[in-house]
Amino acid sequence: MRYQGIPVQKGVVIGYISKGTATLERHDGSDRIDVDEERMRFFDALLEYESRMKKIAHNAPGKDASDIVRAQIMIARDAVFSDEVIAGIEAGMKAETAVDKACKKYSEKLQESGDKIFAERSNDLLEVKNGIISAMEGSGEEGVADAETGFVGNILVSDTLSVAQIIGLKNSPIKAVVLTTGTASSHAAVILRSMGIVAVLGAELDITGLEDGQEGIVDGETGQFIVAPAGVERDWYQRKLKEYEVEKTLARIPDGKSLPSTTSDGEKIEVLCNLGTDDLPEHIRLSDGAGLVRTEILFAQKNGVPSEEIQAAIYAKIADSFPGKNAVIRVLDIGGDKTYGMYGDELPKSLRNKESEDNPALGIRGIRVLLDDEKLFKCQLTALLRASHGRNISILLPMVTSVGEIKAVKQLLAACMEDLNKRRIAYDKNIRIGCMIETPAAVMCAEMIAKEVNFFSIGTNDLSQYIMCADRGNSAVSGLCSIYQNPVLRAVKMVCESAAKYGIPVTVCGEAAAQTDVLPFFIGAGIRSFSVAPSCVYEVKTAISKLTLSSCRQLCGVVLEESDDEKIREILK
Ligand code: PEP
Ligand code: MG
């Protein structure tokens, strides 16, 4: 069931409903009274009310809220108001009734004025009345919810809430408030906003039809309140919730800084992002740099391979989006399942006139294409070198299967440097070179490769495909082409050991890096760097912060001894 209200404070809360208490019972004034006693009860209640409200003003979230509370104290202190109450008592009313009548009288006058601000003051009067009467009846400070059932949810639904009641929510489990009354500029709205409580006011619903403990969703952006949501609605809002969390976190991170990332026992773990565009989302600020820039996707968007100058400008732009951090840019990885069509006339030499390969995944792909087309490769290497001047850029090589390929790349790079020297163009002479570890051959000779490069990046997508001989694009073998397969996990562990022996860092940049259930295995195996889609950085950093190094190491040991992929899944879940 969906109800519409006025959106007051942005955010999404998915949870359980607590209904607010009913409004206070009023006396009918028919009892016989002792005038002196009632007068005394009124003045005692005034003192009690004032002291409660001062405490509330002290706890108020910000100046606006404390000004509203102080204004209510001033109303209660007003001599005209006290005189009116005393006159009522002397006319034979009980103190509660006299307070009720006095407040109503002034409230009605203010309402009649038709002025918005005066109308708001009339709500203040009603709240003052409730506050004084509850002090008079010794009913404790105004609380909300759980009065009858003892149930405390995180979505409070009520007809009204006083300023005092809202401020009292400060340390409560309530994360969202839905009121059937109020407007976007009412006092309730001002205070809910300043407390950051997701809120919808003026909702068109009858709260008697709700039950404590019912599931609900409050969307403070659209003003929707959903009771007993359907599964799809819940899933949709779960995603929206994540986006809000990221937005909120982004707002807290100062420019140029990233979200800290350590395990709960203080081990620093880097979370970088994977990019395939130079049109970068704001989310990248949460990351510790760019861990994998897939230039084949970048070029496909540019409808072909850009010139050296344009490439250099694109790489510079990407690196400049990560001030003080590193940008790892992977040279073209085409061939295999990565379509050639997008390169049009500029198709690399080795792929030209090639109708198809019988076995493209095992054909001309990645570094093989580049080493076969010197012109294309040198253009990209030179552009990367040019962009590296004054920036922190690293080059990453895809689909490597031998040390010879690395050596060949280094020779070409040296030639590009020589060419730039002649052209008097500056570049980073110590540019770092990394090797993708995504073939069984690279795993087996990882120690030899480690001597030639500055870092490794494990591509779990291809590594799973090639280790398990299971096409990454074929759903019939998706269970085999999986990170949960013991041989794939063992390969990761072997690569970590080889890298550690030569003191080079290892990043995991395949899709498995964003699978939070696999993170403890990776960390236990020795991985201290992950590269994931920008939208996953927050979730991965949050998951890391809940892990301890010792439990990760223990889990890694257990998983490596388990051969059944279903059991591995269970252990990691
Ligand atoms: C991988 O293979 O895991 C990887 C990161 O590279 P791509 O998905 O681009 O092949
Ligand atoms: Mg790959």
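Values reported hereafter were calculated over all heavy atoms of this structure, with side chains retained and with hydrogens, waters and symmetry mates removed. Just so you know, ligand 1 is whichever comes first in the structure, and atom 1 is the first atom listed for that ligand.
A 4.5 Å side-chain heavy-atom check between I406 and C435 finds at least one atom pair inside the cut-off. Side-chain contact between I329 and L384 is present, with at least one heavy-atom pair separated by less than 4.5 Å.
Within the 4.0 Å heavy-atom cutoff, R365 counts among the residues contacting ligand 1. Within the structure, the closest approach of E511 to ligand 1 does not fall below 4.0 Å when heavy atoms are considered.
Ion pairing between R294 and D333 fails under the 4.0 Å rule for side-chain N and carboxylate O. Remark: K268 does not engage D288 in a salt bridge, criterion side-chain N to carboxylate O under 4.0 Å.
Partner of S529 under the side-chain contact (heavy atoms from CB on, under 4.5 Å) criterion, out of V271, I458, L272, I269: L272 alone. A side-chain contact (heavy atoms from CB on, under 4.5 Å) with I14 holds for exactly one of V218, I217, N154; it is I217.
Neither the backbone nor the side chain of Q465 has a heavy atom within less than 4.0 Å of ligand 1. Only side-chain heavy atoms of R294 come within less than 4.0 Å of ligand 1; its backbone N, CA, C and O stay farther off.
Atoms of ligand 1 lying under 4.0 Å from at least one heavy atom of L292, given by number and element, are 5 (C). Of all the atoms in ligand 1, the ones that sit under 4.0 Å from a non-hydrogen atom of M436 are 4 (C), 5 (C), 6 (O).
The OE1 atom of E438 and the OD2 atom of D462 subtend an angle of 100° at the Mg ion (ligand 2), given to the nearest 10 degrees.
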Apply side chain to side chain donor-acceptor pair (under 3.5 Å) to S394 and N326, showing your working. CA-CA 7 Å; S394 307; N326 188 21; 3.2 Å; yes
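Looking at R472 next to ligand 1, an N or O pair under 3.5 Å apart turns up.
Protein heavy atom closest to atom 6 (O) of ligand 1, with residue, atom name and distance, is R330 NH1, 3.0 Å.
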